[in-house]
Amino acid sequence: MFGLVYLVVGVTFPNPPAPNERQFIWRLAAWLTCAVAFAIHIGLEHFRFRNVPHRTALHASMSVALGAFGLAAAANIHARMAGSGNQRLLALALAIWPIITAVPAFVFALVTAAVLARLRPYVPTHGD
């Protein structure tokens, strides 16, 4: 579900030309939206699903990787429809974008989940 959020944000948020001052605002809004989604995902994995830190990190980073793959696929489709772009590099993006986004996402989510686990250790409830 969160991978879809990242894809939708990446595809639907406007991307004005570089010299346009609104580009910074739109890119910042997209980044902040994705950061909030990522934080919510870590929170759900930790507090609601009670996953251990490495599982939380794996789930959150896989969503990031799926979103990046979706963006790379969208870039490939757009380039083919527009008849532009370096097809070889765009094809490589299908593998590279998920890797370069998932690895730091995993590390960040693992550290965050480990800190959350130390602040609020797992305590079994009546039904556990």
Taking the side chain as every heavy atom from C-beta outward, state whether Ile42 and Leu116 have any pair of such atoms under 4.5 Å apart.
yes
Heavy-atom count around Arg27 CZ within 6.0 Å, excluding the residue itself: above 12?
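For Arg27, atom CZ is crowded (more than 12 foreign heavy atoms under 6.0 Å).
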Would you name the heavy atoms of [X] and [Y] that are closest together and state the gap between them?
X: Gly70; Y: Leu7; result: C-CD1, 3.4 Å
X: Ala74; Y: Val11; result: CB-CG2, 4.1 Å
X: Ala60; Y: Ala109; result: CB-CB, 4.2 Å
X: Ala102; Y: Ala65; result: CB-CB, 3.7 Å
X: Val5; Y: Ala37; result: CG1-CB, 3.9 Å
X: Ala117; Y: Pro53; result: CB-CG, 4.0 Å

Going hydrophobic residue to hydrophobic residue with side-chain gaps under 4.5 angstrom, can you get from Ile40 over to Met1?
yes
For the hydrophobic clusters of this structure (ILVMFWY residues joined by side-chain heavy atoms under 4.5 Å, transitively), does one cluster hold both Leu94 and Leu92?
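Leu94 and Leu92: separate clusters.
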Give, for atom OG of Ser61 and atom CG of Leu66, the distance between the pair rounded to the nearest 0.5 Å.
9.5 Å
So, taking the atom named OG1 in Thr101 and the one named CD1 in Ile96, what distance separates them when rounded to the nearest 0.5 Å?
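Rounded to the nearest 0.5 Å, the OG1-CD1 separation comes out at 11.5 Å.
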Between Leu71 and Tyr6, is the side chain to side chain contact (heavy atoms under 4.5 Å, CB included) condition met? List the steps.
CA-CA 8 Å; Leu71 285 173; Tyr6 304 132; 5.8 Å; no
Considering only Ile, Leu, Val, Met, Phe, Trp and Tyr, and joining two whenever side-chain heavy atoms are under 4.5 Å apart, list the other residues clustered with [X].
X: Val52; value: none
X: Ile25; value: Phe24, Leu28, Trp31, Leu32
X: Leu58; value: Met62, Phe106, Leu110

Who pairs with Leu90 by side-chain contact (heavy atoms from CB on, under 4.5 Å), at least two apart in sequence or on another chain?
Ala75, Asn76, Ala79, Gln87
List for me each residue that meets ring-ring contact (aromatic ring centres under 6.0 Å, His included) alongside Trp26, sequence neighbours excluded, and say none if there are none.
Phe13
I need the full list of ring pair (Phe, Tyr, Trp, His ring centres under 6.0 Å) pairs touching residues 41-100, with sequence neighbours left out, sorted by first then second residue.
Phe2-His41
